J.: 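This is the structure, below, for whatever I ask next.
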Amino acid sequence: MSSIQVQLIESIQAGLSSLFQIDEKDLSLQETKKEFEGAYTFVVFPYTKKAGKAPAQIAQTLGDYLIENKPQLVKAYQVVQGFLNISLHDSVWYGLLQDLSNDSSAFQLAPKNEKIVIEYSSPNTNKPLHLGHLRNNFLGYSVAQILKAGGYEVIKTNLVNDRGIHICKSMLAYQLFGNGETPASSGMKGDHLVGKYYVAFDKAYKAEIEQLVATGSDAEKAKAEAPIMLQAQAMLLAWEQGEPAVIQLWETMNSWVLEGFAASYKQMGVDFDKIYRESNTYLLGKKLVDEGLAQGVFYQKPDGSIWINLEEEGLDEKLVLRKDGTSVYITQDMGTAQLKYEDFGAKQSIYVVGNEQDYHFEVLFHILKKLNKAFSQGNYHLSYGMVDLPSGKMKSREGTVVDADDLMQEMVDTARERTLELGKIEGFSEEESNQLFQQLGMGALKYFLLKVDPKKRMLFNPEESIDFQGNTGPFIQYTHTRICSIRRKALEKGFPMSGKSDPNITLAESERELIYLLGTYKTKLAEACENFSPSIIAQYSFDLAKQFNKFYNELTILNEENEDIRTIRLTLADLTGKTIQHATSLLGIVSPERM
RNA sequence: GGUUCCGUAGCUCAGUUGGAUAGAGCAACUGCCUUCUAAGCAGUAGGUCUUUGGUUCGAAUCCAAACGGAAUCACCA
C-alpha cells in the first residue's frame, strides 16, 4: 500500500470516529472506476446503520472532513450513488513520482531472512521434455525470481527421476533395437534418442499383446505376460542388484539424456542450485520407512509390504514400501525431503508439480507430519493445471506431444520472420539479430504460459500458434524498446531523464494513471510472492505497457517545449522502462533495447 | 461411485478480502504513420458471468442443489 493510501485511510478512520463515533480498524479503499472522476473511492454503505444516516450524507460529511483535514492531499470529492470519490492534487502525484524515481529499493522488498527451497522441472530420464514441462520450468524459475525480489533467500532444486521401470523400458528397447547408435552417430540430441526407444518399447509391447490376444490370451493376462514387459521387470531387478552391464547401460543412457536436458534448460533460460537424483535418495527414503515402522507410524502386512493408515486424515491406506522391499514413488520423495532439509535447513519447501499429483502430495505431507521431523512443516505443493491441446491430453508414449525443443525453435523462427518482415533491425550484426530472435521468441512463449493463473488448466492451439500482438510478451518488450529509444534521443539532445520540476504543474489524466500504476508495483510484487503467482506480474506488465503506450500516443515527450513538463514525462518514461525491465525479468523474459 | 478442481464475449484469459454501467487480447469492422519505433493508438460490435434457490443495502465473487467438464482414487513415476 502506498503512503498516499495509508494517509487517506488513517484520515478516513479519524473522520468516521470523530463525526460518527465509528471505530473501524480495517477499512478498504479502492481505485476509482475509470468512468468516474477521482483516484480513490471509499464505500460508505457499510456504515449507514451505525451512523444512522443516508449514504450520500455520510459521504458528503466525510468528503468535507477530508478537504479540511488533508488540504495538501485531497483536492476535491464527488459523491455518486453513495460512493465517495476522492481526487488528489497533482502535486501529490508529482511527489509520488519523485519518490518512486529516487527509491533505491523500488524493486526489492525488505529482506525476510528466511530460506525457501523450490523444486521444479523434475524430469524423467526416459524421454525428452514437452510443452507441459515448459510450463513447469517457466513457473518454477519465475516463482524463484519473484520470491528473491520479495526478500527471500531462494534455493532452486531439481529432482531428476532417473530410476524405475519406465527407465528400463527405453534401456531394453535400445538393447534390442539400438544397434549401438549414439547421439554422435545418429546426430540426435541425447534425450530425443532415448525417447525414440521409449516409444519403440511401447510399440513392441503393444504388438506382443496383440499377438497374445490373437492366440487366445485375454487382454489383462497378455499385458502382464508380454515377454518384453517381463524382460523390463527383470532389468529393473538387475539394476537394483547392481548388475554391472545394466548399470553401465543405465549410466550411459542417462548421461545422454542429461546432456540433452542441459541444452534444453539453457535454451529455456532456467537453472538450478542443486540437482538431486532419485537413484541417490530412494535409499534414504527406505531408512525413514524403517524409522517410521519402529515408531509405529507405519505397519507391515503379512506379505511384508509396509503401509500407512491415513483414514483419520480422510484419506486411505497407502503403500510406502513394496513387499519385495523396493521403494515406490513416495518413498523416494520422503528421502529427498530429508536430504533437502539436511542440505539447506529451509523453513519452507515448495514443490512445483502438476495437479494430477495433488493426491500424492497430500499423502506425502501427511506422512512427513506423522514422522514428526523438522522438515514436516512448511511444505507446499504449487499445483498447476495441465496444458491441453485442442485434440486433448498429451501422451508421450503415443507421440501426441508438443516437443519442448521443437516448440522453442519454432517460436524463435517465427520471431525471425516477423522481425525481418517489419524491417526494423538495420545495422544489426548477425549475432545481435540472432540474440534478438531468441529473446522475442522465448519472450512470447514464456509470457503465453505464465500469464494464466497457474492453478488453471490452459489450452495451447498449435494451429493458431502464439501471437506477437496484443496481450503478449513481444508487446511488452516492444514498449520497452520504445522507451529505450527515447532514452537514446534524450541523451543526444542533452535532456536529463529525471530531475526537479515545478510541483504545481497540471498533469494529464494518462500521466496520473501511469504514476498510479507505477506506484502499485511493490504491492503487486508482494501479492505475487504470497500467491506464488507469476500471472500477477504478467498481468501487471501488460497493464503498465498498455498505459504507457496510451500516454506515449497522446502526449509528446521529447518535443515538449516546457522543460518542467518534459522532465516529468522523461522521468515517467524512464521509470516505466525500469519497471517493465524488472517485471519481465521476474518472468524470465529479457527486454531488448531495440527491436 | 468417493475426493478435489473448474464453468465469465465466437476463441484465449483478467476480474484477491462481496461494491457503481462485468474488463483485456485474438478474430470482424472503421479511422490514425513527411512529427519520440504502427509488434502501436483510438473507435464499433460482441454477455442471461452454466442453471435454480439462499444470505443482504448490494453477488461473477459467499452458501446449497442441479447440469456440464477435468484430475485423482496403482506394489507406475
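Everything numeric here is computed off the predicted structure, so don't read it as measured data. Lettering of chains follows the sequences in order, A, B, ..., and the numbering in each one begins at 1.
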J.: Say whether Y40(A) and N85(A), considering side chains only, have a donor N or O and an acceptor N or O under 3.5 Å apart.
T.: no
J.: Is a donor-acceptor pair below 3.5 Å formed from side chain E527(A) to base U16(B), judging by atom type as modelled?
T.: yes
J.: Which residue pairs satisfy the salt bridge (charged side-chain N to carboxylate O under 4.0 Å, His left out) criterion with at least one member in residues 437-454 of chain A, sequence neighbours excluded?
T.: D453(A)-K455(A)
J.: So which nucleotide from C75(B), U12(B), A20(B) ends up closest to the side chain of F36(A)?
T.: A20(B)
J.: Of all the nucleotides listed (U21(B), C36(B), U37(B)), which has the minimum atom distance to the side chain of Y478(A)?
T.: U37(B)
J.: Using the P atom as the point on both nucleotides, what is the distance between C62(B) and U37(B), in whole Å?
T.: 46 Å
J.: Between protein and nucleic acid, restricted to nucleotides 58-63 of chain B and to nitrogen or oxygen atoms under 3.5 Å apart, what atom pairs and distances do you find?
T.:
none

J.: Going by 5.5 Å between centroids and 30° between planes, is there a stack of F475(A) over G40(B)?
T.: no
J.: Can you find an N or O donor on one side and an acceptor on the other, under 3.5 Å apart, linking the side chain of D388(A) with the base of A71(B)?
T.: no
J.: The criterion is side chain to side chain donor-acceptor pair (under 3.5 Å); which residues satisfy it with T336(A), sequence neighbours excluded?
T.: T281(A)
J.: Counting Watson-Crick and G-U wobble pairs with both distances under 3.5 Å, what is the dot-bracket string for RNA chain B, 5' to 3', using [ ] for crossing pairs and | for pairs to another strand?
T.: (((((((..((((.....[...)))).(((((.......))))).....(((((..]....))))))))))))....
J.: Considering only side-chain heavy atoms of Y329(A), which listed nucleotide, G40(B), A77(B), C75(B), is closest?
T.: A77(B)
J.: Sequence neighbours excluded, which residues qualify as salt bridge (charged side-chain N to carboxylate O under 4.0 Å, His left out) partners of E511(A)?
T.: R569(A)
J.: Using a strict heavy-atom distance below 4.0 Å, which residues from residues 536-550 of chain A are in contact with RNA chain B?
T.: Q539(A), F542(A), K546(A), N549(A), K550(A)
J.: Relative to the 5' end of RNA chain B, which residue comes earlier, N161(A) or I557(A), by the nucleotide with the nearest heavy atom?
T.: I557(A)
J.: What residues form a side-chain contact (heavy atoms from CB on, under 4.5 Å) with K489(A), not counting sequence neighbours?
T.: S485(A), L558(A)
J.: When you compare U4(B) with A14(B), how far apart are their C1' atoms, in angstrom units rounded to a whole number?
T.: 24 Å
J.: I'd like the C1' distance from C41(B) over to C33(B), given in whole Å.
T.: 11 Å
J.: I'd like to check the ring pair (Phe, Tyr, Trp, His ring centres under 6.0 Å) partners of H366(A); sequence neighbours left out, ordered by chain and number.
T.: none
J.: Quote, to the nearest angstrom, the C1' distance that separates A70(B) from A42(B).
T.: 41 Å
J.: Side chain of S28(A) only, heavy atoms from C-beta on: which candidate in U17(B), A14(B), G40(B) is closest?
T.: U17(B)
J.: Can you tell me if R594(A) uses its side chain to pair, donor with acceptor, with the backbone of F428(A) under 3.5 Å?
T.: no
J.: Considering only U35(B), A20(B), A77(B), which nucleotide approaches the side chain of N559(A) most closely?
T.: U35(B)
J.: For the aromatic rings, using the six-membered ring if either is Trp, is the centroid distance between F475(A) and F542(A) under 6.0 Å?
T.: yes
J.: Provide the distance between the two C1' atoms, one in C49(B) and one in C6(B), to the nearest whole Å.
T.: 14 Å
J.: Would you say R322(A) places a side-chain N or O within less than 4.0 Å of OP1 or OP2 belonging to C76(B)?
T.: yes
J.: Which residues pass the ring pair (Phe, Tyr, Trp, His ring centres under 6.0 Å) test with F36(A), not counting sequence neighbours?
T.: none
J.: Please state whether the phosphate of C57(B), meaning OP1 or OP2, lies under 4.0 angstrom from any side-chain nitrogen or oxygen of K49(A).
T.: yes
J.: Going by the rule ring pair (Phe, Tyr, Trp, His ring centres under 6.0 Å), which residues pair with H133(A) if we only count those two or more places apart in sequence or in a different chain?
T.: H130(A)
J.: Among G19(B), U72(B), A20(B), which nucleotide sits nearest the side chain of N85(A)?
T.: A20(B)
J.: Identify whether the glycosidic angle of C41(B) places it syn (within 90° of 0) or anti.
T.: anti
J.: For F20(A), what residues pass the ring pair (Phe, Tyr, Trp, His ring centres under 6.0 Å) criterion, not counting sequence neighbours?
T.: none
J.: When the C1' atoms of G68(B) and G54(B) are considered, how many whole Å apart are they?
T.: 23 Å
J.: Please classify the nucleic acid contact of V43(A) as base, sugar-phosphate, or nothing, using heavy-atom distances under 4.0 Å.
T.: base
J.: Using the P atoms only, state how far A28(B) lies from G7(B), rounded to an integer number of Å.
T.: 28 Å
J.: Tell whether T41(A) reaches the base of A20(B) with its side chain through a donor-acceptor pair below 3.5 angstrom.
T.: yes
J.: It should be established whether R566(A) places a side-chain nitrogen or oxygen under 4.0 Å from OP1 or OP2 of nucleotide C36(B).
T.: no
J.: State which residues pass side chain to side chain donor-acceptor pair (under 3.5 Å) with E554(A); sequence neighbours excluded, sorted by chain then number.
T.: S510(A)
J.: Of the options G40(B), A77(B), C36(B), whose atoms approach the side-chain atoms of K489(A) most closely?
T.: C36(B)
J.: Determine the Euclidean distance between corresponding C1' atoms of G47(B) and G15(B); express it in Å to zero decimal places.
T.: 15 Å
J.: Looking at D303(A) and C75(B), is any side-chain donor or acceptor paired with a base atom of the opposite kind under 3.5 Å?
T.: yes
J.: Would a line drawn from the ring center of Y282(A) to the ring center of Y329(A) be shorter than 6.0 Å?
T.: no
J.: Taking the side chain of K456(A) as heavy atoms from C-beta outward, which of U37(B), A14(B), A77(B) is closest to it?
T.: A14(B)
J.: What's the closest nucleotide to the V328(A) side chain, out of C75(B), G19(B), C36(B)?
T.: C75(B)
J.: So what does M458(A) touch, heavy atoms closer than 4.0 Å: a base, only the sugar-phosphate, or nothing?
T.: sugar-phosphate
J.: Does L440(A) reach a base, just sugar-phosphate, or nothing at all? Heavy atoms under 4.0 Å.
T.: base
J.: Once you apply a heavy-atom cut-off of 4.0 Å, does L555(A) come out as touching a base, just sugar-phosphate, or nothing?
T.: base
J.: For F468(A) together with Y478(A), are the ring centres under 6.0 Å from each other?
T.: no
J.: Taking the nucleotide of RNA chain B with the nearest heavy atom to each, does D324(A) or F551(A) sit closer to the 5' end?
T.: F551(A)
J.: Under the criteria of a ring-centre distance below 5.5 Å and an interplanar angle below 30°, is F83(A) stacked with the base of A20(B)?
T.: yes
J.: Can you tell which of C36(B), A14(B), A77(B) lies closest to the side chain of S485(A)?
T.: C36(B)
J.: So if I apply the side-chain hydrogen bond (donor to acceptor under 3.5 Å, both in side chains) rule between Y447(A) and each of D467(A), T584(A), N471(A), which one comes out positive?
T.: N471(A)
